[in-house]
Amino acid sequence: MRTNRAGDLRAEHIGSEVALCGWVHTRRDHGGVIFIDLRDVAGLVQVVLDPGVLPLAEELRSEFCIRVEGEVKARKEGTVNPKLGTGEVEVGAGSVEILSRSETPPFQLDEYHETDEQLRLKYRYLDLRRDSMQRNLKLRHELISAIRRFFDGEGFYEIETPMLTRATPEGARDYLVPSRVHPGRFYALPQSPQLFKQLLMVAGFDRYYQIVRCFRDEDLRADRQPDFTQLDMEMSFVDQEDVLEVTERMFKSVWKEVMGVELADFPRIPYSESMERYGSDKPDIRYGLELTDLDEVFAATEARVFRSVLDDGGAIKAITVPGQGGLPRKQLDAIVDDAKALGAGGLVWVTLSSEGLRSPMDKFFSDAERKGLVETAAASEGDLVLIVADKRKNVVYKVLGGLRTRLAERFGHVPAYEPENPDYWKFAWIVDFPWFDWNEDEARWDPIHHPFTGVVEDTAPFLETDPEKVISKSYDITLNGWELASGSIRIHDRDMQSRVFKALGISDEEANEKFGFLLDAFKFGAPPHGGIAPGIDRIVALAAGETNIREVIAFPKTQTAFDPLTGAPSTVDEAQLKILHLRSTAPSPDQES
RNA sequence: GCCCCAGUGGAGCAGCUAGGAGUGCUCAUCUCCCUGUCAAGGAGAAGGUCGCCGGUUCAAAUCCGGUCUGGGGCGCCA
């Protein structure tokens with residue numbers, strides 16, 4: 001049907017007769033001559049048609065699917081288009097055939113108009129014709145392909161695990177699938193293949209990976225979809241260092257192959273340092289705006305707010321924003337509102353100008369405190385210092401960590417997308433996570449990672465005494481402020497596992513009920529093992545310079561987990577429910593009030 | 001569950017702060033003109049219950065309340 005792809009034509013093809021198939025991208029009708037930009041998966045080429053010879057050319061419209069035969073010709077001097085890869089040539093059409101007409105598209109498929117996302121998703125098959133989506137999905141394919149090549153070269157097997165599996169009571173909300181043959185019972189779609197990959201280790205497949213769909217019924221974000229793709233990986237007979245080494249080498253290999261960039265070694269940042277410096281466990285280290293600690297400066301303060309925070313064992317921290325000391329009051333108030341929205345009781349701003357220090361709190365500061373504040377916060381004339389104090393240290397981190405990314409965006413600290421620049425890619429390992437997190441609502445210790453996460457030996461005695469001091473063998477990868485991957489060395493020792501369950505307040509019976517099949521497996525010679533699971537959607541989005549993962553997913557869902565293309569989720573027939581032994585308690589649309 | 005932003009001919013925007021006739025811009029669509037454009041150009045035309053419901057007012061795209069949808073965030077996401 002065709003001899004070449006339109007976007008592939010180059011000067012070397014001049015003189016050859018070609019047949020091309022594709023879509024009418026744009027039409028420029030000059031009366032006596034008509035230019036068509038013909039688009040296919042490889043790109044655009046200009047086709048020149050003489051309507052006197054080919055009257056059908058008059059009928060061509062946007063997005064008609066057509067076939068053209070003709071000769072590749074050199075463009076005359078002065079008519080070369082440097083913006084196109086095919087810009088040195090054009091195709092003189094000898095014949096044209098309309099394969100399929102098109103209605104006028106509901107939106108324009110150019111890169112000059114941002115289109116409402118709901119409309120894009122409803123007509124996703126048209127949206128995907130756009131250049132940026134074609135590029136993103138191509139990049140996604142190339143990245144996944146390079147990942148598979150890497151693991152293949154390292155002796156990993158790709159092994160599939162079930163989609164219909166058992167509900168897990170902890171973690172994210174499950175998507176459930178009712179069983180027809182087992183009335184009243186449900187499968188769950190996997191939140192991750194976590195337990196299966198551990199069983200594969202017990203089974204002796206000591207290097208496993210899988211590009212796998214996972215499902216979590218939680219609210220959506222720019223970097224979260226209800227179904228998403230993970231690069232799931234697990235290894236036996238390894239310690240943390242081995243997993244970090246192979247994972248880092250994988251990213252370097254993939255980036256070199258696909259992005260053409262040699263990545264620097266990933267820095268390793270202990271969790272506690274990350275929180276102290278950035279107020280986040282997924283810091284964007286492409287810019288400064290680091291947190292400074294003002295506890296010392298105000299150690300003897302008389303200012304009541306700070307005094308009570310320090311007396312309660314809290315923290316006073318600040319961010320210095322260079323050059324923003326002249327911000328109008330209204331915008332300072334907006335930052336205070338942002339801080340409150342993030343959970344702060346308040347925020348104290350301090351501006352430094354030639355007239356000195358200005359702040360709503362200034363009258364409560366001593367001269368020594370003013371001096372100490374300026375020095376410790378490394379502020380100079382023209383700067384803005386934002387101070388958050390709270391008796392709960394994690395609130396201070398959360399507020400300043402949240403403000404830091406907002407301020408960086410607003411005041412232009414975030415570097416522009418520059419994929420060919422190795423310095424643009426700020427990967428980092430976050431290591432030495434605490435094992436436990438105090439759950440205020442339930443008044444118990446919860447795992448930060450998951451219940452099978454290994455314990456750093458030196459800190460194991462704290463399991464029974466001070467859970468907050470237990471450090472886990474878990475690790476994250478962050479890239480430019482996004483969490484890309486989480487992983488851990490797992491517990492393979494039954495005694496250690498029951499000590500951990502005990503610390504979590506999970507009884508033996510409960511553990512057996514929930515995870516019995518895994519614990520049983522560990523009775524039969526479980527190897528030491530560990531792994532990691534990077535998120536493919538996030539990797540691709542960052543690589544493509546996108547700020548949300550919908551741009552790298554062919555058919556994503558909206559923020560309410562709705563698919564405007566298919567209309568999913570939909571209602572189903574009573575008969576269908578009956579077979580599944582289900583009855584809906586949802587109010588019918590006309591009953592709602 | 002909560003907070004913020006948006007919704008105006010087919011698409012993208014402006015108009016809203018300070019109420020006064022659906023006013024404007026870019027693109028698309030249709031008709032006509034045009035042989036070198038490349039986001040072609042020129043002339044003309046058609047196309048809108050200003051998301052929806054209610055309120056205030058002599059008068060609402062504009063002010064107020066509610067609601068729906070989309071987006072960003074908090075909670076949630078072992």
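Just so we're clear, the structure is a prediction, and the values are computed from it rather than from any experiment.
- The C1' atoms of G55(B) and U62(B) are separated by 15 Å, rounded to the nearest whole Å.
- When the P atom is used for both G72(B) and G15(B), the distance is 24 Å, rounded to whole Å.
- In this structure, the CZ atom of Arg61(A) is 9 Å from the C1' atom of U29(B), given to the nearest Å.
- Of the C1' atoms belonging to C63(B) and G70(B), the separation is 25 Å, rounded to the nearest Å.
- Below the 3.5 angstrom threshold, one finds a donor paired with an acceptor across the side chain of Arg224(A) and the base of C77(B).
- The distance between atom NZ of Lys122(A) and atom P of G10(B), rounded to the nearest whole Å, is 13 Å.
- In terms of position along RNA chain B, the nucleotide closest to Gln108(A) lies nearer the 5' end than the nucleotide closest to the other residue of the pair Gln108(A) and Glu90(A).
- The P atoms of A14(B) and A6(B) are separated by 10 Å, rounded to the nearest whole Å.
- Comparing G48(B) with C5(B), their P atoms are spaced 32 Å from each other, to the whole Å.
- Here C74(B) sits opposite G1(B) as a Watson-Crick or G-U wobble pair (both hydrogen-bonding atom distances under 3.5 Å).
- By the 30° and 60° cut-offs, the orientation of the rings of Phe433(A) relative to Tyr271(A) is tilted.
- The only option from Lys122(A), Arg124(A), Arg550(A) that meets the salt bridge (Lys or Arg N to Asp or Glu O under 4.0 Å) definition with Glu117(A) turns out to be Arg550(A).
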Donor-acceptor pairs under 3.5 Å, side chain of residues 405-414 of chain A to any protein atom, not counting sequence neighbours: which ones?
unit_1    : atom_1 : unit_2    : atom_2 : d
Thr405(A) : OG1    : Gly402(A) : O      : 3.0
Arg406(A) : NH1    : Gly402(A) : O      : 3.0
Arg410(A) : NH2    : Gln331(A) : OE1    : 2.4

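- Not one side-chain nitrogen or oxygen of Arg550(A) sits closer than 4.0 Å to the OP1 or OP2 atom of G70(B).
- Rounded to whole Å, atom C1' of A11(B) lies 15 Å from atom CD of Glu117(A).
- A distance of about 34 Å separates the C1' atoms of C25(B) and G66(B), rounded to the whole Å.
- For G72(B), the base has no donor-acceptor partner in the side chain of Asn548(A) [N/O atoms by modelled type, under 3.5 angstrom].
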Pull out every protein N or O sitting under 3.5 Å from an N or O of nucleotides 39-46 of chain B, one pair per line with the distance.
unit_1 : atom_1 : unit_2   : atom_2 : d
A39(B) : OP1    : Lys83(A) : NZ     : 3.3
A39(B) : OP2    : Lys83(A) : NZ     : 3.2
A40(B) : OP2    : Arg28(A) : NH1    : 3.1
A40(B) : N6     : Asp29(A) : O      : 2.7

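- Between the CD1 atom of Ile335(A) and the P atom of G73(B) there is a distance of 19 Å, rounded to whole Å.
- Judged purely by distance below 3.5 Å, without hydrogens or angles, the side chains of Arg129(A) and His25(A) never pair a donor atom with an acceptor atom.
- The nearest whole Å value for the distance from the CG atom in Leu121(A) to the C1' atom in U69(B) is 13 Å.
- Within the shown strands, G51(B) is the pairing partner of U67(B) under the Watson-Crick or G-U definition, both distances less than 3.5 Å.
- By the ring-ring contact (aromatic ring centres under 6.0 Å, His included) test, Tyr278(A) pairs with no residue at all, sequence neighbours left out.
- Nucleotides G22(B) and A60(B) are separated by 13 Å at their C1' atoms, to the nearest Å.
- Annotation: side chain to side chain donor-acceptor pair (under 3.5 Å) contacts of Ser272(A) (sequence neighbours excluded): none.
- For the pair Asp446(A) CG and C77(B) C1', the computed distance is 13 Å after rounding to whole Å.
- Counting to the nearest Å, the P atom of G7(B) and the CG atom of Leu119(A) are 16 Å from each other.
- Residue contacts shown for Ile448(A) are limited to sugar-phosphate atoms, with no base heavy atom under 4.0 Å away.
- Not counting sequence neighbours, the partners of Asp110(A) by the side chain to side chain contact (heavy atoms under 4.5 Å, CB included) test are Gln108(A), Tyr112(A), His113(A).
- Side-chain atoms of Arg406(A) and base atoms of G72(B) include no donor and acceptor less than 3.5 Å apart.
- Within the nucleic acid shown, Gln191(A) has no heavy atom closer than 4.0 Å to any nucleic acid atom.
- Figure legend. C58(B) is base-paired to G20(B); pairs are counted as Watson-Crick or G-U wobble with both atom distances under 3.5 Å.
- A salt bridge does not link Arg135(A) with Glu546(A): none of the charged nitrogens is closer than 4.0 Å to a carboxylate oxygen.
- When Watson-Crick and G-U wobble pairs are counted only if both distances are under 3.5 Å, U31(B) pairs with A43(B).
- Counting any heavy atom pair closer than 4.0 Å across all strands shown, Pro106(A) reaches sugar-phosphate atoms only and no base atom.
- Of all nucleotides present, none satisfies the Watson-Crick or G-U wobble test against C38(B) with each distance under 3.5 Å.
- Shown here, G12(B) forms a base pair with C25(B); the pair counts as Watson-Crick or G-U wobble because both key distances fall under 3.5 Å.
- Here Ala172(A) lies in heavy-atom contact (under 4.0 Å) with sugar-phosphate atoms only.
- For the pair Val48(A) and Asp219(A), both in contact range of RNA chain B, the more 5′-proximal nearest nucleotide belongs to Val48(A).
- Contacts of Gln46(A) with the nucleic acid, taken as non-hydrogen atoms under 4.0 Å apart, include base atoms.
- Atom CG in Leu84(A) sits about 15 Å away from atom P in U37(B), given to the nearest Å.
- One finds a side-chain N or O of Thr560(A) lying less than 4.0 angstrom from the OP1 or OP2 phosphate oxygen of G70(B).
- Dashed line: the shortest gap from a side-chain N or O of Thr558(A) to OP1 or OP2 of G70(B) is under 4.0 Å.
- Using a 30° and 60° split on the angle between ring planes, Tyr123(A) and Tyr125(A) fall in the perpendicular class, above 60°.
- Taking atom C1' on both U31(B) and A46(B), the two are 10 Å apart, rounded to the nearest angstrom.
- Residue pairs that meet the salt bridge (charged side-chain N to carboxylate O under 4.0 Å, His left out) test with at least one member in residues 554-570 of chain A, sequence neighbours left out, are Asp227(A)-Lys557(A).
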